[in-house]
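Order of the sequence lines sets the chain letters (A, B, ...), proteins ahead of strands, with each chain counted from 1.
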Amino acid sequence: MCDCILSYLNFIMSQVRVRFAPSPTGFFHIGSARTALFNWLYARHTGGTFVLRIEDTDKERNTDEALRVLLDGMRWMGMDWDEGPEVGGASGPYFQSERQAVYDEYLLKLKDAGRTYEKDGAIWFKLEGERTTEYDDFRKAEVEKVKAAPVVIDDAVRGRVERAEEMDFVIVRKDGNPVFHLVNVVDDIAMGITHVIRGEDHLSNTSKHVELFKAFGVEPPVFAHIPLILKEVGSGKMSKRDKGALIEEYEQRGFLANAVRNYISLLGWNPKDEREKMDIAEIVELFDFPGINKGNSRFDEKKLSALNTEYLRELNIESYAFLARPILHTAGVISEEENEDYIQSVLTLCQSKARSLDELPDFCRYFFSDAYALDEKTGNKIAKKGDPKELLAEIVPVLDAVDFEADALQAALEAHAESKDVKVFAYFPALRYALSGKGGGPDLIPMLVVLGKQRVLARLQAFVG
RNA sequence: GUCCCGUUCGUCUAGCCCGGUCUAGGACACCUGGUUUUCAUCCAGGCAACAGGGGUUCGAAUCCCCUACGGGAUGCCA
């Protein structure tokens with residue numbers, strides 16, 4: 001009994017509350033997604049609460065559409081939030097645009113404590129320490145500097161970090177809008193956030209934030225600054241214009257959410273053993289701060305693709321077809337009227353061969369249309385081994401006389417080859433080429449079966465001329 | 001300029017905290033061979049790294065210092 005109560009108390013007191021606080025910009029950046037993911041993973045790992053807070057103070061950019069992209073992206077990646085837009089919660093509202101009263105209240109506390117002053121129409125936060133006026137080389141101006149005591153950040157990823165702010169900073173703009181540093185800290189306090197997991201680009205800001213926490217008389221949360229994702233080529237962090245930077249793009253290109261999530265989780269974190277392909281439950285179980293790296297990591301689409309291919313191969317055919325259909329449809333490969341069974345039998349052949357859903361339209365177009373291009377290189381290669389038209393002219397009557405069923409086809413072709421004293425494989429490349437225009441693809445006999453007798457004969461006759 | 005953070009194969013990383021087990025392991029990519037009608041898979045093998053320099057130590061990828069390089073911050077952006 002006592003154990004029950006104790007563990008309950010322990011549960012309440014150690015309750016982790018993390019948040020993801022994006023600004024809706026109209027796209028869901030891979031770096032944001034990774035920050036969201038690490039927060040979500042930590043919440044799920046610890047049995048804590050994951051809060052989604054929308055930093056929509058910039059009214060120009062923050063449209064409903066922009067919010068939609070963000071929420072859809074979160075859901076696509078399988079990240080659900082316990083508090084936030086559309087689900088509510090006890091610490092709302094969850095849009096900064098609706099929290100002005102809270103900011104006013106906290107601002108008053110700062111003012112009463114004598115930690116603010118007005119200058120140039122804006123409200124500034126006053127640091128504590130000895131003041132001097134000196135010329136700042138970078139700003140090319142005389143500025144007032146403060147010799148403030150350095151704040152110590154005990155970062156869960158990077159260890160002890162010490163940094164001193166040296167100048168007062170604006171917390172409310174002259175247009176009356178509170179700035180990021182203020183609202184971020186106020187909301188974290190008001191929402192009872194216990195752990196702040198964010199990109200390393202915020203590490204330098206953290207001294208400002210800690211100063212604010214101290215001014216409010218609140219113990220700062222645990223900070224965990226995670227490394228950044230660098231662009232694949234060139235220098236700097238991934239920006240929205242880089243290939244592979246946007247989550248919604250992966251969805252459109254037919255990447256599997258599981259694969260993307262798995263890959264992203266491995267950028268800056270690893271389970272300390274050789275596991276790489278992990279389902280989400282496994283990642284949740286293993287995820288923790290000690291597994292997070294300090295160094296930035298470079299995005300590598302090849303590795304993502306490899307992982308994606310693995311996930312693709314293990315899908316059941318129904319799921320595979322479900323994902324493939326819209327892509328084939330968009331590419332104009334299939335129409336609404338296309339027979340479902342036929343689509344599925346084609347996809348069954350393709351699933352183990354195609355590396356991505358992206359390449360699927362070109363990979364299987366010939367199953368649905370007679371207007372397929374003949375690959376020139378393959379054509380030349382085949383021509384070297386004899387005239388394919390002659391070879392196939394032999395084959396037409398053989399195929400004409402047989403039921404299109406795998407064993408029967410195999411037997412008929414073999415029998416014919418034997419009569420000509422050659423191996424059956426002598427006919428295969430030409431046959432594939434005539435029927436698909438390609439040098440590679442699904443296994444030939446099943447391909448014949450799926451294409452069907454009528455189509456195959458028509459194509460061969462057209463090819464032979 | 002100043003401040004903060006970082007640096008192991010091309011890339012993601014293990015090892016580093018608690019120095020010897022590391023002739024530095026795995027994965028992706030790449031190359032070779034095998035399997036396959038082809039392609040994909042699969043199998044076998046290969047290439048390839050402790051940023052540099054000092055120190056400490058019997059011994060350093062691991063600890064300390066310096067340098068270089070990379071990243072970030074330095075906005076009345078978030």
- Message: Under a 3.5 Å cut-off for both contacts, is B/C18 paired Watson-Crick or G-U wobble with anything, and if yes, with which nucleotide?
- Response: none
Got a list of protein N/O to nucleotides 1-5 of chain B N/O distances below 3.5 Å?
residue, atom, partner, partner atom, Å
B/C3, O2', A/R163, NE, 3.4
B/C5, O2', A/R158, NE, 3.0
B/C5, O2', A/R158, NH2, 2.8
B/C5, O2', A/E200, OE2, 3.2

- Task: Using the C1' atoms only, state how far B/U11 lies from B/A49, rounded to an integer number of Å.
- Result: 12 Å
- Under the ring pair (Phe, Tyr, Trp, His ring centres under 6.0 Å) test, residues paired with A/F20 that sit two or more places apart: none
- Test salt bridge (charged side-chain N to carboxylate O under 4.0 Å, His left out) applied to A/K303 - qualifying residues, sequence neighbours left out: A/E276
- Heavy-atom protein contacts under 4.0 Å, nucleotides 60-65 of chain B, coded B base, S sugar-phosphate only, - none: ------
- Task: Output all residues satisfying salt bridge (charged side-chain N to carboxylate O under 4.0 Å, His left out) with A/D362, sequence neighbours left out; order by chain, then residue number.
- Result: A/R365
- With B for base contact, S for sugar-phosphate-only contact and - for none (protein heavy atoms under 4.0 Å), nucleotides 34-48 of chain B reads ---BBBBS-------
- Task: Examine distances only and state if a side-chain atom of A/D56 and a backbone atom of A/Q96 form a donor-acceptor pair shorter than 3.5 Å.
- Result: yes
Under 3.5 Å, which protein N or O atoms sit close to an N or O of nucleotides 9-13 of chain B? Give each pair with its distance.
residue, atom, partner, partner atom, Å
B/C12, OP1, A/R298, N, 2.8
B/C12, O2', A/L266, O, 3.3
B/U13, OP1, A/G268, N, 2.7
B/U13, OP1, A/S297, OG, 3.4
B/U13, O3', A/N270, ND2, 2.6

Could you give the side-chain donor-acceptor pairs of residues 422-433 of chain A under 3.5 Å, partners two or more places apart or in another chain?
residue, atom, partner, partner atom, Å
A/Y427, OH, A/E394, OE1, 2.8
A/Y427, OH, A/H416, NE2, 3.4
A/R432, NH1, A/P442, O, 3.0
A/R432, NH2, A/P442, O, 2.8
A/Y433, OH, A/D375, O, 3.4

- Query: Contact class for A/K237 (heavy atom, under 4.0 Å): base, sugar-phosphate, or nothing?
  - Reply: sugar-phosphate
- Task: Look at A/D120 together with A/K174 and state whether they make a salt bridge at an N to O cut-off of under 4.0 Å.
- Result: no
- Ignoring backbone atoms, establish whether A/T25 has a side-chain N or O less than 4.0 Å from OP1 or OP2 of B/A78. no
- Please give the nucleotide sitting opposite B/A48 as a Watson-Crick or G-U wobble pair, both distances under 3.5 Å, or none. none
- Message: The criterion is side-chain contact (heavy atoms from CB on, under 4.5 Å); which residues satisfy it with A/P446, sequence neighbours excluded?
- Response: A/L349, A/D443
- Message: Per the salt bridge (Lys or Arg N to Asp or Glu O under 4.0 Å) rule, what does the pair list look like for residues 260-272 of chain A, sequence neighbours excluded?
- Response: none
- Item | Residue pairs passing the salt bridge (Lys or Arg N to Asp or Glu O under 4.0 Å) test where at least one lies in residues 22-41 of chain A, sequence neighbours excluded | none
- Message: Please enumerate all residues that pass salt bridge (charged side-chain N to carboxylate O under 4.0 Å, His left out) together with A/E314, with sequence neighbours excluded.
- Response: A/K277
